Structure formats: C-alpha cells, structure tokens
Amino acid sequence: MTQESGSGKLWGGRFSEEIADLALEFSESTAADAPMIAEDIWGSEAHSIMLAVCGIISEDDLRAILCGLESTRQQYEAGEFELDPQLEDVHMNVESHLRETSGPEAAGRLHTARSRNDQVVTDARMHLRARLLDVRAALADLQQVLLDLGTEHTETVMPGYTHTQHAQPISAGFWLSGHATSFQRDQERLAQTYERVNRCPLGACALGGTSFATDRALTARLLGFEGVLEHALDAVGARDFVLEALADLAIIAANLSKIAEEFVLFSTYEFRMIEIDDAYAAGSSIMPQKKNPGMAELTRARTGIVYGRLMQVLTMVKALPSGYNRDLQEDKPPLWEALTSVESCLRIAREMVGTAKLHTERMAELADGNFAAATELANFLVRERDLPFRDCHRIVGGLVGALAAENRLLTDYERLRELLAEAGQEVSVAELAEVVDPQACLRRQVSLGSTGPGQVTEMIEQLRKAVAASRQEIADAREASVQAREKTERIVQHVLEGGRLADLAL
Ligand code: ARG
C-alpha cells in the first residue's frame, strides 16, 4: 500500500520526487557490486532462514522468498542476471527481482532486521575472503617455482650485491629462496588478515542492531564465517579489513617489484645472468635486435596501482564519523583492482621465473671478477693467524687497492701472495687459491641462514613445508566455504520441497 506514495524507489516513501538521472548515475554502484552477486543472494538466503528460525517471518514467507532467490540464482548462474543501474546497487537489484518472482508481500519481509549497511559489508567480506585465497594460491605457485629453480642451484655461484655493488659470492639458490622467504611472510600476513576478514557483520542492521531477537551466530554459520563481528556500530562502519588487505597486497607488490627489477637488470647485456624466455619477453617495433623484459617492467610499474589503491582507501576513511557513510561505497573498486592486479602479477612472475634460464657461467665469471671473496680472505687471516678482524680488514683492503691499481684480480695468486707477504703474512699460493675461490667460499658458509649449500638446502626444505601448509590452509578455508554453501543449499531445498525448519539440525 505504501507503493502509491513516495518515489518509485524501494526506499522512496519519504520522497516526493524521483532522484535526478544525474544523481543516480553519479551514485549507483552496480559495476563495483557486480562481483558480489552470488554473495548477496547467499546472504539473503541465510538471513531469511534465520528470520524464520527465530519466528520473525513465517515459514510460508520463507518458502516464497527462497523460491524467488532460487530463480535469481539460476538466472545469475546462467549469466542472465544483469544488474540494472536504475536500481542503484546489487541489494536493490536482488530485492527487486524477488518482488517480481515472489510478490511484494514475501519479498517485502526479507529486509526485516537488516540494512544495506550491514549487507554490503557482508558481501564484501565474503567476496574478499575468496579472493584472498586466490592470491595465496598464486603466491604459493610462485614460491614453488622459486624453490624448484633454487634447488637446482644451491652450488651455483653468483655475485651477491649490496648497494648494487659486488659484495660476496652467494648461490643462485640462495638468491631465489630469499624471495620465496619474503613471500612466506606475505602468506602469513594474508592468513592473519583472512581471520579478521572472515567475521560476519550481518545483523548489525543500520548501525544499532534491532529490536527483533535475531540469531546472528546462525546467519554467520550459514555464510561460512568464523564468527560474528559483534559491535553493530563498528561492524557497519569499520573498513580496516579493507585497509589491511590492501596493505598486504601493497607489500606483496613491493616484494614482486624487487624480483621484477632484478629480472630487468640481470637480463641486460651488462649483467647477462638471466635469459628471459621468449614467451615472456617483448620486442621493439623499430629495433630488430631488441628483446625487452616487458612483463617484469609492467610488474614493477603495477606496484604503483596497488600502493595507490591503498592510499585511496586510507584517505577515504580518514576522519569519517562513526556508522555507515556513503563514502564507504568507494572502497570496493580499489579493493577489487588491487586484488586483480596483484594476482595477475603473481601469475606472470611465476611463468617468467619458471621459464627463465640462468647463465651459470656468466654468474661464476662475475662472482670471480670483482673482489667478492675479499671478506673471506680477511676471515681466513682471522682464523689462521688469530688477528683481530679489523686488522685483517685493513690488510685485505690494502691488497685490493693495490691489485685494482694494477688492474689485477684476487685470482692473481702469485701477486696476491707477494702483497700479503709485504703485509707480513706468508700464505702459500695453494692456500690462497682455496680461500678466494668463490665456489669454495660458498661451501665454507655454515652459519644459520647463510648462503652455504647445506643451509640453503635446509631453508628450501622448510619453505617447501611452509608452502605445503599454506596450500592445506587454502584448501581447508575453501572447503569451509563450500560446506557452508552446501548447508545453506540443503536448507533451501528442504524448505522448497515443503519441509519444516523444525526437522533440520541447524
Ligand atoms: N551501495 C552502498 C555501498 O556500497 C550500499 C549501502 C548503501 N547504504 C545506504 N544507506 N545508502 O556502500
């Protein structure tokens, strides 16, 4: 009966005029909401079941509602449910469709004890939790490739850098597993974020809860949440879960940009340590000889997208008053974009790393060519001559200066022996050869977490276990969602077949 008064909108009772086209176009959120259609329908199923279980709506109304929602779902699954921008958002689209299929009486009861404010953030949390698992899976795939390649190269010497200057010889396996280690922290961050995302705000209603005796825990269970986001005012207004997810993604992007940068650098003619596979490189339209590291460059650049999306939402939520504010509608496009961007960068990085060739001879040549073993020579003097490290540092620094001035290397053993003797240290050429050989240097590294092959093998082993554990967590979390979905589905089918709620164990 309220249909006669007000504007044509479902919320239009107090309005005497339609919303202007310009205003509707400005404010509608169907594009941002489109990824959450399935979640919105599921949310309505769970909410209406809860309402009936609590005696707030009748089982007949529940049946009518579920019947309508079922048809919406089928249309959606057939790819035929398009969101109408005229209807403002996904919630109004689903409710309007329900009015057409189930009639205004039953459909009109669905929105009892809920609000779009708790609905939208429920949908967003549900969609985000699935996307976080996809990101975790893509991360695990990249880690796996890094570890597989790393395993083959625990004895492959390359220069390790600080300040982008030769520092000490490391193994390629050490370098690659270093990236896998950073990504492991990303896994852990995402796992922790997931726990906070996976709490149910539905039932908070507009901001202060409701006078109906609802069962929020039931709704949460049906939607596969790990629990309820209790405080109603907080539940509708809080977006720290979005910030947290974006911060995690920004850190992943930062970590990815480091690999990307190294692939750009190491694949140059100057470095020549890596050959990017043709399938993951790009050419030039004018210079026939060019092979450009396009995927690595774009990955590096897209870090900007992700940082930008984090800053966007941080700025958006700054100084918002408590409760829902329409500003919050703007959180989803940046969130979806950052997720999509990071996931695609992870996938391309995995392929780029997995198909790359390491030029191990060139790596060895570079490791040999620029005094990278100097620290080991100093360590040798400390060990064998019982000198203070600082003195040895000075002696070896002097030798390096003299050799460099003569355009010689540490591998010029005879000259090295002479210079050492001048500094008062008699060491045989045979001994020196053993001390400064990069391969031998590598094998001598034994401290925890060092580049020595034993340590690297050990760390790769641990990382493999961690990746397997991540995969298990991802599978378990996905399974929990599937279980909840199936539970809701079974209740829906039971009710649609005329069954009573009392016959179900909820
Ligand atoms: N489209 C809105 C959003 O994304 C849904 C919630 C609208 N609530 C409201 N009171 N207008 O945030």
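Because the structure is a prediction, the values reported are computed rather than measured. Atoms within a ligand are numbered from 1 in the order they appear, just like the ligands themselves.
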*Please state which protein non-hydrogen atom is closest to atom 7 (C) of ligand 1 and give its distance, to 0.1 Å?*
Tyr324 OH, 3.5 Å

*Contact summary for Val306 and Ser341, nearest pair of heavy atoms*: CG2-OG, 4.1 Å

_Arg471 with Asp141: basic N within carboxylate O range, under 4.0 Å_ = yes

_Any atom of ligand 1 sitting under 4.0 Å from a heavy atom of Lys332?_
yes

*Just heavy atoms, cut-off under 4.0 Å: does Glu88 contact ligand 1 by side chain, backbone, both, or neither?*
neither

*Which atom pair, heavy atoms only, marks the closest approach of Ala52 to Ser58?*
CB-O, 4.4 Å

_Nearest-neighbour protein heavy atom for atom 11 (N) of ligand 1, which is reported as residue plus atom name and distance_ = Arg116 NH2, 3.5 Å

*Using distance alone, determine whether Ser29 and ligand 1 share an N or O pair under 3.5 Å.*
yes

*Under the side chain to side chain contact (heavy atoms under 4.5 Å, CB included) test, which residues partner Val353, sequence neighbours left out?*
Leu142, Val145, Leu146, Leu149, Ile259, Phe263

_Taking 4.0 angstrom as the limit and counting only heavy atoms of Asp89, give me the atoms of ligand 1 inside it, by number and element._
1 (N), 5 (C)

*How would you list all residue pairs meeting side-chain hydrogen bond (donor to acceptor under 3.5 Å, both in side chains) that involve residues 297-307, not counting sequence neighbours?*
Glu261-Arg300

*Just jot down the ligand 1 atoms closer than 4.0 angstrom to any heavy atom of Asn117, in number order.*
8 (N), 9 (C), 10 (N)

*Report the member of Glu330, Arg326, Gln329 with the shortest heavy-atom distance to atom 1 (N) of ligand 1.*
Gln329

*Start with the C-alpha distance between Leu496 and Cys67, add both sets of side-chain angles, then the distance that settles side chain to side chain contact (heavy atoms under 4.5 Å, CB included), and finish with yes or no.*
CA-CA 7 Å; Leu496 291 183; Cys67 181; 3.8 Å; yes

